[in-house]
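Following this message is one structure expressed as structure tokens.
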Amino acid sequence: MTDRPFVPNDNETFVPIPTVRHVGRVNWVGVWTLYEKEVRRFLKVITQTVFAPVVTSLLFLAIFTLAMHRSIDLGNGITYSEFLAPGLVVMAMMQNAFANTSSSIMISKVQGNIVDVLMPPLGPGELLAAFAAGGVTRGLIVGISTVLTMSFAVGFHAAHWPVAIFFAISASLAMSLIGIAAGMWSEKFDHLSSVTNFVIQPLAFLSGTFYSIDQLPGIWNQLAHLNPFFFMIDGVRYGLIGWSDSNPLVGAAVLTGMNAALVTLCYLLLKRGYKIKS
């Protein structure tokens with residue numbers, strides 16, 4: 001509502017006449033407002049949401065490099081720290097993109113203010129775009145911060161920057177969408193923690209972050225190729241240092257299909273109001 005026109009009343013004072021604000025096919029103002037709210041929410045606690053993941057990634061890099069660099073021979077002139085660093089970057093991005101959307105929806109449900117998101121004239125597609133964009137933004141900020149910090153200790157060759165950017169955005173988007181679905185499904189924080197502990201973390205740690213899956217024997221190598229997180233890490237690693245355990249085109253196709261399926265799922269959940277509408 002806006003208050004542009006003014007007319008006098010019986011007491012010769014001017015009172016505003018409310019007018020209707022027309023919303024087009026897409027409520028761009030509403031989408032931007034919700035996106036801005038999501039970004040400001042995690043920037044208010046930037047020490048926890050950005051700085052902490054960077055420090056954790058640096059600790060992983062230091063510990064695993066000191067413990068394993070002499071026992072792993074990668075060849076091709078690539079050191080273990082160079083191999084490890086891109087995986088840690090993507091892990092930090094994935095975890096924070098997931099945490100942003102899942103925690104936002106879960107907290108709103110628990111506190112009862114999810115209605116503040118549902119009442120404005122925002123359709124399921126607009127809600128999906130704003131939430132997902134907020135998660136992608138947090139994931140990319142964490143990823144860029146981690147790369148810049150690690151660059152002082154690890155030499156990123158920047159072999160294929162466009163490839164690295166594509167896989168970074170695709171990975172952040174996928175985890176943001178998974179976070180939306182998990183946040184809507186969860187009824188309490190224990191449910192959300194179970195998704196993190198029994199799905200996200202195992203898939204992330206078994207995705208070739210700390211080792212090359214070419215070193216896995218037989219069926220274990222084949223199972224590793226069924227892990228979508230592997231393609232996220234492998235694609236960014238190829239873009240940053242030129243190393244890849246698989247064809248980046250296959251990884252791009254897998255992530256594109258995965259994101260298309262997740263967008264469809266989240267759209268249907270939001271359209272139905274699954275566990276967020278009475």
Side-chain angles (χ1 to χ4, degrees), residues 50-69 71-98 136 138-176 200-216 221 224-225 227-256 258-259:
V50 177
F51 296 157
V54 173
V55 173
T56 301
S57 299
L58 290 174
L59 290 174
F60 270 117
L61 179 66
I63 293 170
F64 276 87
T65 300
L66 291 173
M68 303 182 64
H69 78 285
S71 61
I72 297 180
D73 183 16
L74 297 170
N76 298 328
I78 295 178
T79 65
Y80 180 65
S81 61
E82 291 174 336
F83 173 86
L84 176 62
L88 295 175
V89 170
V90 181
M91 276 187 58
M93 291 174 56
M94 292 191 303
Q95 292 171 353
N96 282 273
F98 172 84
V136 171
R138 177 171 167 181
L140 292 179
I141 289 177
V142 170
I144 293 171
S145 301
T146 307
V147 167
L148 292 176
T149 306
M150 285 187 176
S151 63
F152 292 100
V154 178
F156 293 114
H157 308 310
H160 310 281
W161 272 112
V163 176
I165 294 172
F166 170 80
F167 277 95
I169 294 175
S170 297
S172 298
L173 176 59
M175 298 309 299
S176 296
I200 303 301
Q201 287 188 353
L203 289 177
F205 278 94
L206 297 175
S207 59
T209 301
F210 305 100
Y211 54 85
S212 171
I213 66 167
D214 285 345
Q215 299 174 345
L216 298 176
N221 183 280
H225 281 86
N227 183 355
F229 288 17
F230 158 70
F231 294 104
M232 300 178 189
I233 292 173
D234 197 57
V236 174
R237 181 176 285 138
Y238 176 75
L240 291 180
I241 66 173
W243 172 289
S244 177
D245 284 328
S246 67
N247 188 336
L249 293 178
V250 175
V254 169
L255 289 184
T256 300
M258 178 181 176
N259 282 331

| task | Could you tell me whether the side chain of D234 and the main chain of S244 form a donor-acceptor pair under 3.5 Å? | result | no
| remark: Between the CG atom in L84 and the CZ atom in F64, the distance rounded to the nearest 0.5 Å is 7.5 Å
| field | Nearest-0.5 Å distance that lies between atom OG1 in T209 and atom CZ in F83 | value |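 Answer for the OG1-CZ pair, T209 versus F83, is 8.0 Å.
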| said: Tell me the closest heavy-atom pair linking V142 and M93, and the distance in Å. | reply: CG1-N, 4.4 Å
| query | What is the distance from atom CZ of F60 to atom CE of M150, rounded to the nearest 0.5 Å? | reply | 10.0 Å
| For F167 and I233, what are the C-alpha separation, side-chain angles and deciding distance, and is it a side-chain contact (heavy atoms from CB on, under 4.5 Å)? | CA-CA 8 Å; F167 277 95; I233 292 173; over 6 Å; no
| query | Would you say the side chain of F231 lies within less than 4.5 Å of the side chain of S246, judging by non-hydrogen atoms? | reply | yes
| task | Could you tell me whether a side-chain N or O of N96 sits under 3.5 Å from a main-chain N or O of R138, the two making a donor and an acceptor? | result | no
| said: Quick check for you: to the nearest 0.5 Å, what is the distance between I165 atom CD1 and I144 atom CD1? | reply: 8.5 Å
| task | Quick one: closest heavy-atom pair of V163 and G235, and the distance? | result |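 Scanning both residues completely, I find the closest heavy atoms to be CG1-O, 3.8 Å.
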| query | Looking only at heavy atoms, which two atoms of W243 and S212 are closest? And how far apart? | reply |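 For W243 and S212, the tightest heavy-atom pair comes out as CZ2-OG, 4.0 Å.
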| Heavy-atom check, side chain of M91 versus side chain of F205, under 4.5 Å | yes
| Nearest heavy-atom pair of A252 and F166: which atoms, and what distance? |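 So the minimum-distance heavy-atom pair works out to CB-CE2, 3.6 Å.
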| said: Could you go through D245 and Y211, starting from their C-alpha distance and side-chain angles, then the distance that decides it, and tell me whether this counts as side-chain contact (heavy atoms from CB on, under 4.5 Å)? | reply: CA-CA 10 Å; D245 284 328; Y211 54 85; over 6 Å; no
| Where Y80 and F210 come nearest, the two heavy atoms and their spacing | OH-O, 2.8 Å
| Any luck finding a side-chain donor-acceptor pair between N227 and S207 under 3.5 Å? | no
| side-chain contact (heavy atoms from CB on, under 4.5 Å) between H225 and F230: does it pass, once the steps are laid out? | CA-CA 7 Å; H225 281 86; F230 158 70; 3.9 Å; yes
| Which pair of heavy atoms, one from G143 and one from V89, lies closest together, and at what distance? | O-CG1, 3.8 Å
| field | Nearest-0.5 Å distance, CG of residue L61 to OG1 of residue T146 | value |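 Reported to 0.5 Å precision, the distance equals 11.0 Å.
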| query | Does E82 use its side chain to pair, donor to acceptor, with the backbone of T79 at less than 3.5 Å? | reply | yes
| field | Point-to-point distance, once rounded to the nearest 0.5 Å, from CD1 of I213 to CG of L206 | value | 11.5 Å
| CA sep, side-chain torsions, deciding dist, call: M232, M258, side-chain contact (heavy atoms from CB on, under 4.5 Å) | CA-CA 11 Å; M232 300 178 189; M258 178 181 176; 4.1 Å; yes
| message | Quick one, I241 and P86 - any side-chain contact, counting heavy atoms below 4.5 Å? | response | yes
